[in-house]
Every structure is written in structure tokens, then in C-alpha cells.
Amino acid sequence: MRVGQIVLRGQILTLGDENIPPIHAPTSGIITKIVKKKFSFFPNRCFSIISIKSDGQDKWIDYSSKRDYKFFSLNEIIQLIYNSGVVGLGGSGFLSSKKIERSIKQVHTLLINAAESEPYITTDDCLMQNFSKEVIQGCKVIAWILKIKNILIAIGDDKDLAYISIKKEIQSLPNFKIRKIKNKYPSGSSKQLIKILFNKEIPLGKHSINLGIIIFNISTVFSIKRSILNREPLIERIITLSDRNLSYQKNILVRIGTPISHILSEFNIKKCDIIMGGPITGFLVDDLNFPILKTTSSILCLKSNLMKNILERPCIRCTACSSACPIRLLPEQLYFYSKSLNHEKSREYHISECIECGICEQVCPSNIPLLTYFKKEKMQLRKIIFQENMSKKSKKLFMLRQHRLYISGLINENIICTNSTVNTTLNNAIVKDEDSNVNILKKSKYIMKKELESAIHRAKLKRNIK
């Protein structure tokens, strides 16, 4: 992409990788600006922002292939979901294509999570009332990919109209079932949902797939249907716009990337603080130019400065947070370990199992932002694990390379004495020569020279590929 380029609605703007999906243009127009920017509420992340000036015509990119999805191969249909940029819209943002790929021949039940239990948010309710037929089509697509016969839809007990709408669609489908669950937070989280419906607990470090159950948020199912049957990439979603007094509460279909300020101006909302997400798990946004993300389900408007008057006080060890934790962790201990950057201890106390429901923070009498501490600590642990894995991978590659050099004769008799012995603990790559230090020095310089030449050669190849 470059400034001045004309794009169409649905056109790919950025290519993804194994963890990030492609990003598509939400409208047709011209690219006016590409910048990198940091936001105070995401201190460790830098966003690349592509600004598009709409031409007002909203022209779609041409999708030529319209064949029945049942004629696609398994790899083709998974790739189609990936190319459409579909991720978990319940808040995880995990690649749906990767989730499906990992579940092949591993699961027997498809569980649809429509039990949004956080206050103010009614996006799933709106989706089921207005697009129930498409939701069921999405379920059929996933079930067909994974060869699943059991499909269970979990819905909150206060969503009567949505329940009727879904029930009407599945009345002639014997493999579909719908079940109401108590609308109690955090019953919408995956672990809690499986406990409620199947009376099973996901083991530590495992996933619901290990129990033979794959879970999708209902908004994600709707997006998968659109990507397969309509060939539409994920460029819009339903969000709930509300205030704390419910003087207005709307569900609106918004293009991904729309600035919050634009939405507020459309509904003439002024002078308020904005919580992006639910009131428990959401975060305060202090820059209204921040865009709607794929994982944004709600915008909550509060009175100005309401959040800024809350001061954090020292922990008094009341253990209220531990008593309230739905998965029986010890948040007060995790708080101290996270604050002191004791990563080893926080890992030992299973901080990675935290579902980030935020209940501990809500019951804390000292107003400690526990969820913020835990999110930072989990991010640090992910970095540490990533570095550890990269270190292991680099070491393995280095040893393999040394072995190849040895095999190919780079360490030869002209440099190393014939009476040299090979250290088997280093994969036969390091040569011992106690009688001739001079020869070892020559070998070292020779290998360094060859490694440098090889690195330069690889860099040239990469530059030519680009």
C-alpha cells in the first residue's frame, strides 16, 4: 500500500502471517495517510494506521469464485476463512482458520457461545433476532468442515426473543440443540460455559479442543458464514452503544476502522469518557480517534472524569479477590508477583489460566487495577516464552549448521590435525585438539570467515527477492 493508491471495498490492505489475519479496506476510496502511532492505553503496542478518504461510491472488489463451498477442499476452505480475516469476535481475536485447523479429527461437539453476560452488551441478542438464519448457516459450514454432528447453542435466559428466533430455525434440524443458561457473569467465558453445560473442567494448560469441544462466539460464526457463502471479508460488525443510565442503548452495524469520534458525532454524544468493551473487562479510551477493532463489541459512555477520581490504594490482604475468583486462582498473590516482576512465581501460580473476567478488580476495596497488572504480566510471560523458544530454535539451527560444516569438509585435515577427536556432546561439531592450539585458532578464524560470507550471501538473496 502507498499514499495516493485507490482501493476498493474488501481489498486486502495488509498481508497477515501465522498469527495476524489480512486487513481489508472497509470502503472504496484513496489512501491519504499511513502512519505509525502509539496510544497510552496500549503502552506496549504500536499501531500502523492507514487512512482512507471514501469516494462515496462504496465499490466492492470483484470476487470471481462463487462455487458451492462443499466443492472446496479442506485446505481451500480454511484458507478462504483466513483470507477473509475472520478472528474470534468474542474478544480473543484468535485466528478462526487456525482454530478450525487444529480441531480437525479432534472434536465431536460444536458449542456456539451466545451467552454474553456482561452488562450493557446486547450484540449477540441483536444478531440472533435479525440474522438467525445466517447464524445457523454458519454453524452448518463449520460442522461440515469438521464433520461434527452435535451442535449446541448456549444462550442467556433473559434473551427470549433471540431464543424464539433460533428455535424456529432449528426445529427441523435434529442435530441442533439450544439451551438457556443463567445470565450470570462470567458464564460467557469458555471455561465457565463448559463447566455449566458439560460439568467438565478444562485441565491446566489445555484447551476445550482437548475435551472434544470447539467453541465459537456467535458473531464469529456469522462472519464465517459471510466469508464462505457471500465471499465477504470481515470489514464490519455489530457493536452496542450505550450509557450507564441506559438513556440510550443501540446496536449499530459499524465498519472496522471507523473512529470512535465519528460514531459519537453521528449520535450527538458529547463530553463523556469512553469505555471500549464491557464495563468490567473494557478499557478507558482517551483518544477518540482510536478506531473500532474486530474485537470491539461495545462502546460505553460515562460521565466525564468519573473514572479519573478512582485512586489505587495498598492491598490490605482481605482476600476478597480470591473468594470471588471463578476459577479459584489467588489474585492477591498474583498481584504482588506481577508488581515485583517475579515472573517465575506468577507462572507457578498459573496466571496464564486467568480468564480476565475482572471480578477480582470489581470486589477489591483498595481499587487496585488487578486486571491491568495481570494483562501486563501475561504479556511479559508471552515475551519470555517466545524468547526462550527462539533461543532453543537458534541453538538447534546453529548446531545443525555446525554439523553440516563438519560433514561438508569445511573442517578438514589441512586445518585440524588427524589425531583430533570429536566432542559428541556438541553434535560432532566442536573439535578438540589439546596438542595444537594454533590449529584450533586457525579453524575458528576460517569458520568465522565462512559464516560471514554465507550471511552476506543470504542477505543478498533476500534483497533480490524483495
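- The environment of L15 atom CG is sparse: at most 12 non-hydrogen atoms of other residues, nucleotides or ligands sit within 6.0 angstrom.
- G138 and V221 make their closest contact through C-CG1, 3.5 Å (heavy atoms, listed as atom of the first residue, atom of the second, distance).
- Side-chain contact between Y335 and K339 is present, with heavy atoms from C-beta onward closer than 4.5 Å.
- When side chains are defined from C-beta on, Q79 counts as touching Y82, because their heavy atoms get closer than 4.5 Å.
- By the neighbour-count criterion of 12 heavy atoms within 6.0 Å, atom CD of E344 is sparsely surrounded, having that number or fewer from other residues, nucleotides or ligands.
- Under the 4.5 Å side-chain criterion, counting only non-hydrogen atoms from C-beta, P21 is in contact with L95.
- Side chain of Q11 to backbone of I61: no donor-acceptor contact under 3.5 angstrom is found.
- With S366 contributing its side chain and P314 its backbone, the two residues share a donor-acceptor pair below 3.5 Å.
- Between the side chain of S394 and the backbone N or O of M390, at least one donor-acceptor pair lies under 3.5 Å.
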Derivation and outcome, side chain to side chain contact (heavy atoms under 4.5 Å, CB included), residues C301 and L264: CA-CA 9 Å; C301 306; L264 298 181; 4.2 Å; yes
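- Summarising the geometry, atom CD belonging to E266 is positioned 10.5 Å from atom OG belonging to S261; distances are rounded to the nearest 0.5 Å.
- Atom NZ of K147 has more than 12 neighbouring heavy atoms from other residues, nucleotides or ligands inside a 6.0 Å radius.
- Residues satisfying the side-chain contact (heavy atoms from CB on, under 4.5 Å) test with K177, not counting sequence neighbours, are L152.
- Using modelled atom types, one side-chain atom of S227 and one backbone atom of I224 make a donor-acceptor pair closer than 3.5 Å.
- Contact of the I213 side chain with the L197 side chain is not registered, since no non-hydrogen atoms from C-beta on lie closer than 4.5 Å.
- Between atom SG of residue C354 and atom NZ of residue K378 there is a gap of 5.0 Å, rounded to the nearest 0.5 Å.
- Counting only distance, with no hydrogens or angles, the side chain of T296 and the backbone of L293 share a donor-acceptor pair below 3.5 Å.
- Applying the salt bridge (Lys or Arg N to Asp or Glu O under 4.0 Å) rule to K191 yields the partners E353; only residues at least two apart in sequence or on another chain are considered.
- Using a 4.5 Å heavy-atom threshold, the side chains of S187 and K182 count as separate.
- Here the side chain of N113 pairs a donor or acceptor atom with the backbone of G188 at under 3.5 angstrom.
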Test log, rule side chain to side chain donor-acceptor pair (under 3.5 Å), inputs Y373 and E377: CA-CA 6 Å; Y373 282 105; E377 179 64 13; over 6 Å; no
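- Under the ring-ring contact (aromatic ring centres under 6.0 Å, His included) criterion, F131 pairs with F222, sequence neighbours left out.
- With hydrogens and angles ignored, the 3.5 Å screen pairs no side-chain donor or acceptor of Q333 with any backbone N or O of Y349.
- Using a distance-only test at 3.5 Å, with no hydrogens or angles considered, no donor-acceptor pair links the side chain of E332 to the main chain of C318.
- Other residues, nucleotides and ligands contribute over 12 non-hydrogen atoms within 6.0 Å of the CZ atom of R317.
- Note: F283 and F290 have perpendicular aromatic rings, judged against thresholds of 30 and 60 degrees for the angle between ring planes.
- Nearest heavy-atom pair across L110 and C139 is CD2-O, 3.8 Å.
- Between atom CD1 of residue I274 and atom CG of residue L300 there is a gap of 8.0 Å, rounded to the nearest 0.5 Å.
- One finds a salt bridge joining K37 and D287 here, because a Lys/Arg side-chain nitrogen approaches an Asp/Glu carboxylate oxygen to under 4.0 Å.
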Side chain to side chain contact (heavy atoms under 4.5 Å, CB included) assessment of Q192 paired with I327: CA-CA 8 Å; Q192 295 302 107; I327 55 172; 3.7 Å; yes
Criterion side chain to side chain contact (heavy atoms under 4.5 Å, CB included) on I148 and I214, from CA distance to verdict: CA-CA 10 Å; I148 294 176; I214 182 170; 3.9 Å; yes
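- Atom-to-atom distance recorded for R237:CZ and T295:OG1 is 7.5 Å, nearest 0.5 angstrom.
- Between the side chains of T122 and N251, at least one donor N or O sits under 3.5 Å from an acceptor N or O.
- Going from atom CD1 of I164 over to atom CD1 of I166 covers 11.5 Å, rounded to the nearest 0.5 Å.
- Residues R313 and N367 meet the side-chain proximity criterion, which asks for heavy atoms closer than 4.5 Å.
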Worked check of side chain to side chain contact (heavy atoms under 4.5 Å, CB included) between L371 and E356: CA-CA 6 Å; L371 195 55; E356 301 181 10; 3.6 Å; yes
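- Paired with K294 under the rule side chain to side chain contact (heavy atoms under 4.5 Å, CB included), one option of I23, I235, T220, V86 passes, and it is I23.
- The salt bridge (charged side-chain N to carboxylate O under 4.0 Å, His left out) pairs that include a residue from residues 249-262 are D58-R255, E236-R255, where partners are two or more places apart or lie in different chains.
- No more than 12 heavy-atom neighbours from other residues, nucleotides or ligands sit within 6.0 angstrom of NZ on K376.
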Test log, rule salt bridge (charged side-chain N to carboxylate O under 4.0 Å, His left out), inputs K345 and E348: CA-CA 5 Å; K345 277 291 184 182; E348 183 183 331; 3.7 Å; yes
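- For residues 84-102, there are no salt bridge (charged side-chain N to carboxylate O under 4.0 Å, His left out) pairs, not counting sequence neighbours.
- Nearest approach of P259 to N289, heavy atoms of both residues: CB-O, 4.0 Å.
- Shortest non-hydrogen contact noted between S40 and D286 is OG-OD2, 2.6 Å.
- Taking the ring-ring contact (aromatic ring centres under 6.0 Å, His included) definition, one finds that F267 meets it with nothing, sequence neighbours left out.
- Looking at every heavy atom in both residues, H24 comes nearest to G85 through CE1-N, 3.8 Å.
- Interatomic distance, S298 OG to I121 CD1, rounded to the nearest 0.5 Å: 4.5 Å.
- Of all heavy-atom pairs spanning C364 and L370, the tightest one is CB-CD1, 4.5 Å.
- Side chains of K225 and N230 form a contact here, defined as non-hydrogen atoms less than 4.5 Å apart.
- In this structure, the side chains of S352 and L381 stay at 4.5 Å or more apart for every pair of heavy atoms.
- Checked for salt-bridge contact, D160 and K180 meet the test: a charged N lies under 4.0 Å from a carboxylate O.
- The backbone N or O of H207 sits less than 3.5 Å from a side-chain atom of N210, completing a donor-acceptor pair.
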